[in-house]
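Below is one structure; the comments refer to it alone.
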Amino acid sequence: MKRIMLVVAYDGTNYHGWQLQPNAVTIEGVLNQALQQLTGETIQVTGASRTDAGVHALGNVAVFDTESKIPAEKFSYALNQRLPEDVVIQKSFAVRPDFHPRHCDCQKTYEYTILNRTFPLPEYRNTAHFYYGALDLDAMQKAAQAFQGEHDFAGFCSAGAQVKTTVRRIDRLEIIREPDDRIRIMVQGNGFLYNMVRIIAGTLLEVGKGVILPECMAGIIASGDRGQAGPTAPARGLKLIGIEYLEEQPEAGR
């Protein structure tokens, strides 16, 4: 028996999120099905980040156990022949048998994209949140500074999250306006609560609109009150860029 890691990219538009659900098409479900077709085994992948319906990824991570003789690095090629075109394995390799993608120290990077112009562009209809009004980027960047560091982000978590603690660390939060009218909110940290990045994006949008003052952001975070933060931004603008494992080197043989 060996354990294989997959680095998975997907367009989440047509999926009910990552996690397996009855009577719904999910990323986890199509991966399990493709693996079973390939190996003849009943396989259940374990994902690092359970993204919501409509959320995209460039580098989510999953592991699975198999007795197949297929070389670890060849699983990516074989699976891509069996997966739908909106789910593509970027890399596959063997990891230690005890490696778990959610139980190791890691750094996750997310990007939230806002298309800020007079009219929407069809190209971004599934990958960006469209907002036509003026946004104060300087105010948004000033407010973003309050999020960096370790805080209790209870006010930036949707109801229903089952976590031991709501304390998380954000190492980087940058807001960049691109020449094509996209505003990219880049967030990097050691982990995120349920809908945390989308709530951060929705709150920064309120700052950009002038509804929330940037100097109030530290107090909103400290309050732990979900009602003081902004709305949850739509799922289609969110993308998991990648996951970097810090203290652990998961690849087998290293």
Side-chain angles (χ1 to χ4, degrees), residues 8-18 27 49 51-60 85-88 90 107-148 153 155-156 158 170-189 192-218 220-221 228-244:
V8 192
Y10 49 86
D11 180 333
T13 303
N14 296 320
Y15 296 90
H16 288 75
W18 172 275
I27 304 296
S49 184
T51 53
D52 291 334
V55 175
H56 317 292
L58 294 183
N60 204 346
E85 63 181 4
D86 50 7
V87 181
V88 180
Q90 302 297 300
Q107 193 169 58
K108 296 181 179 180
T109 303
Y110 282 91
E111 176 182 285
Y112 195 89
T113 302
I114 301 162
L115 183 63
N116 183 216
R117 63 198 309 274
T118 304
F119 299 109
L121 289 170
E123 176 184 358
Y124 297 115
R125 68 190 186 281
N126 294 324
T127 58
H129 170 52
F130 171 69
Y131 181 73
Y132 66 88
L135 291 173
D136 186 337
L137 199 68
D138 289 339
M140 293 172 69
Q141 290 169 333
K142 182 178 178 181
Q145 297 174 14
F147 289 96
Q148 300 195 52
F153 285 104
F156 290 79
S158 291
I170 290 182
D171 299 313
R172 172 189 172 205
L173 205 168
E174 295 182 358
I175 304 173
I176 305 161
R177 180 181 281 277
E178 300 290 359
D180 62 358
D181 298 321
R182 286 180 302 138
I183 295 174
R184 299 190 298 120
I185 301 173
M186 299 289 296
V187 188
Q188 190 174 69
F192 297 92
L193 302 166
Y194 181 41
N195 283 341
M196 179 174 161
V197 178
R198 290 168 59 191
I199 297 170
I200 289 173
T203 304
L204 290 173
L205 262 171
E206 294 298 284
V207 173
K209 297 174 188 177
V211 176
I212 296 176
L213 296 176
E215 52 266 30
C216 295
M217 194 54 59
I220 292 172
I221 295 170
Q228 292 192 35
T232 305
R236 62 181 170 271
L238 184 60
K239 181 190 302 174
L240 172 59
I241 300 298
I243 301 171
E244 179 185 0

Stepwise, does the side chain to side chain contact (heavy atoms under 4.5 Å, CB included) test hold for Ile200 with Ile170? CA-CA 11 Å; Ile200 289 173; Ile170 290 182; 3.9 Å; yes

Does a side-chain heavy-atom distance below 4.5 Å link [X] with [Y]?
{"X": "Thr109", "Y": "Met186", "answer": "yes"}
{"X": "Val187", "Y": "Tyr112", "answer": "no"}
{"X": "Ile241", "Y": "Gln188", "answer": "no"}
{"X": "Lys209", "Y": "Leu135", "answer": "yes"}

Looking at every non-hydrogen atom in both residues, tell me the closest pair between [X] and [Y] and how far apart they are.
{"X": "Ser49", "Y": "Leu240", "result": "CB-CD2, 3.8 Å"}
{"X": "Ala139", "Y": "Val207", "result": "O-CG1, 3.5 Å"}
{"X": "Glu206", "Y": "Gly230", "result": "CG-CA, 4.2 Å"}
{"X": "Ile243", "Y": "Lys108", "result": "CG1-CG, 4.0 Å"}
{"X": "Ser158", "Y": "Thr232", "result": "OG-OG1, 4.2 Å"}
{"X": "Ala218", "Y": "Ala146", "result": "N-CB, 3.9 Å"}

Test Ile183 against every option in Leu137, Ile176, Leu204 by the side chain to side chain contact (heavy atoms under 4.5 Å, CB included) rule and name the one that passes.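 Of the listed options, the one satisfying the test is Leu137.
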
Once rounded to the nearest 0.5 Å, what's the spacing between atom [atom1] of [X] and atom [atom2] of [Y]?
{"X": "Phe192", "Y": "Ile199", "atom1": "CZ", "atom2": "CD1", "result": "12.5 Å"}
{"X": "His129", "Y": "Leu238", "atom1": "NE2", "atom2": "CG", "result": "12.5 Å"}
{"X": "His16", "Y": "Asp52", "atom1": "NE2", "atom2": "CG", "result": "12.0 Å"}
{"X": "Glu215", "Y": "Ile220", "atom1": "CD", "atom2": "CD1", "result": "10.0 Å"}
{"X": "Thr51", "Y": "Lys239", "atom1": "OG1", "atom2": "NZ", "result": "13.0 Å"}
{"X": "Tyr110", "Y": "Leu58", "atom1": "OH", "atom2": "CG", "result": "12.0 Å"}

Can you list everything that forms a ring-ring contact (aromatic ring centres under 6.0 Å, His included) with Phe156? Sequence neighbours excluded, please.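 By the ring-ring contact (aromatic ring centres under 6.0 Å, His included) rule, Phe156 matches Phe147.
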
ring-ring contact (aromatic ring centres under 6.0 Å, His included) involving Tyr131 - partner list, sequence neighbours excluded: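 By the ring-ring contact (aromatic ring centres under 6.0 Å, His included) rule, Tyr131 matches no residue at all.
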
Donor-acceptor pair, distance only, cut-off 3.5 Å: does the side chain of His56 make one with the backbone of Asp11?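 Checking the backbone N and O of Asp11 against the side chain of His56, no donor-acceptor pair under 3.5 Å is found.
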
Between Arg184, Arg198, Arg172, which is the residue that forms a salt bridge (Lys or Arg N to Asp or Glu O under 4.0 Å) with Glu111?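 Of the listed residues Arg184, Arg198, Arg172, the salt bridge (Lys or Arg N to Asp or Glu O under 4.0 Å) partner of Glu111 is Arg184.
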
Side chain to side chain contact (heavy atoms under 4.5 Å, CB included) between Ile212 and Met217, worked out: CA-CA 8 Å; Ile212 296 176; Met217 194 54 59; 4.1 Å; yes

Run the side chain to side chain contact (heavy atoms under 4.5 Å, CB included) test on Tyr124 and Thr113 for me, step by step, so that the C-alpha distance in whole Å, both residues' side-chain angles and the decisive distance to 0.1 Å come before the verdict. CA-CA 9 Å; Tyr124 297 115; Thr113 302; 5.8 Å; no

Show, in sequence, the C-alpha distance, side-chain angles and deciding distance for Val87 and Val8, and conclude whether the side chain to side chain contact (heavy atoms under 4.5 Å, CB included) test is met. CA-CA 7 Å; Val87 181; Val8 192; 3.9 Å; yes

